[in-house]
Amino acid sequence: MANIIVDKTFLFAQEIITVYLDLREKGHFKLADQLVKSGTSIGANVEEAQAAHSKLDFVAKLTISNKEARETRYWLRLLDRKELLLEHQSMHYLKSEIEEIILLLNSIIKKSRENLK
């Protein structure tokens, strides 16, 4: 059975790696490192949540993922400059996808918290 958030965050991480490599090629090592760290951590924490030992653990892992997604959104906004990534073929996808991922995570976290009560 497909899990939308798992699939979306994995595909997003793959594209983040592509952008990371392009940034490094341009010599923007520190910025590239920041983006790849947060951008791949989203899916890693979503994946960990799939094996959570309780609902509370599940919510905690997704909350971390949500924080990483918000950090990634920040880096994408910062990198949206001509000399960095403005004209990169993936920028439109990444900027729209991170918004969708944040909305999905917020929704899953909210529903999961309601089920804790």
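The chain is numbered in sequence order, starting from 1. All heavy atoms count here, side chains included; hydrogens, waters and symmetry mates do not.
In terms of the side chain to side chain donor-acceptor pair (under 3.5 Å) criterion, residue partners of Thr72 (sequence neighbours excluded) are, by chain and number, Ser38. Looking at residues two or more places apart in sequence or on another chain, you find no side chain to side chain donor-acceptor pair (under 3.5 Å) involving Gln14. Partners of Asp33 according to the salt bridge (Lys or Arg N to Asp or Glu O under 4.0 Å) rule, which considers only residues two or more places apart in sequence or in another chain, are Arg24. Here Glu15 pairs with nothing under the salt bridge (Lys or Arg N to Asp or Glu O under 4.0 Å) rule; sequence neighbours left out. Residues meeting the side chain to side chain contact (heavy atoms under 4.5 Å, CB included) test with Glu100, sequence neighbours left out: Lys8, Glu97. With sequence neighbours left out, the side chain to side chain contact (heavy atoms under 4.5 Å, CB included) criterion links Leu21 to Ile17. Partners of Asp22 under the side chain to side chain donor-acceptor pair (under 3.5 Å) rule, at least two apart in sequence or in another chain, are His88. Ser96 meets the side chain to side chain contact (heavy atoms under 4.5 Å, CB included) test with no other residue; sequence neighbours excluded. In terms of the side chain to side chain contact (heavy atoms under 4.5 Å, CB included) criterion, residue partners of Arg77 (sequence neighbours excluded) are, by chain and number, Arg73.
Glu114 CD to Lys110 NZ: the interatomic distance, rounded to the nearest 0.5 Å, is 5.5 Å. If you take CD1 on Ile109 and CG on Asn66, they are separated by 4.5 Å, rounding to the nearest 0.5 Å. Of the inter-residue distances, the one linking Ile108 atom CD1 with Asn3 atom CG reads 7.0 Å to the nearest 0.5 angstrom. Here OG1 of Thr9 is found 11.5 Å from CD1 of Ile4. Values are rounded to the nearest 0.5 Å. Here the straight-line distance linking atom CD of Gln34 with atom NZ of Lys37 works out to 7.0 Å at 0.5 Å rounding. Between atom CD of residue Gln89 and atom NE2 of residue His92 there is a gap of 13.5 Å, rounded to the nearest 0.5 Å.
Side-chain contact check for Phe58 versus Gln50: some heavy-atom pair is nearer than 4.5 Å. At least one side-chain heavy atom of Asp57 sits under 4.5 Å from a side-chain heavy atom of Lys61. Side-chain contact between Lys111 and Ser107 is present, with heavy atoms from C-beta onward closer than 4.5 Å. Residues Lys67 and Arg70 fail the side-chain proximity criterion, which asks for heavy atoms closer than 4.5 Å.
Both Ile102 and Trp75 are members of a single hydrophobic cluster when ILVMFWY side chains are connected at heavy-atom separations under 4.5 Å. Following chains of ILVMFWY side-chain contacts shorter than 4.5 Å, one cannot reach Ile64 starting from Leu105, and the two form parts of different hydrophobic clusters. Residues Leu35 and Leu31 share a single hydrophobic cluster, defined by chaining ILVMFWY side chains whose heavy atoms lie under 4.5 Å apart. Note on Ile98: it clusters hydrophobically with Leu78, by side-chain heavy-atom contacts below 4.5 Å among ILVMFWY residues. By the rule that hydrophobic residues join a cluster once side-chain heavy atoms approach within less than 4.5 Å of another member, Phe10 and Val19 end up as members of separate clusters.
In this structure, Thr63 contributes its side chain and Val59 its backbone to a donor-acceptor pair below 3.5 Å.
With a 6.0 Å radius and a threshold of 12 heavy atoms from other residues, nucleotides or ligands, Tyr74 has its OH atom at or below the threshold.
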Tell me which donor-acceptor pairs under 3.5 Å the side chains of residues 40-47 have, and how far apart each pair is, sequence neighbours excluded?
residue: Thr40; atom: OG1; partner: Val36; partner atom: O; Å: 2.6
residue: Ser41; atom: OG; partner: Asn45; partner atom: ND2; Å: 3.0
residue: Asn45; atom: ND2; partner: Ser41; partner atom: O; Å: 3.0

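Residues Lys95 and Glu99 approach most closely at O-CG, 3.4 Å, considering heavy atoms.
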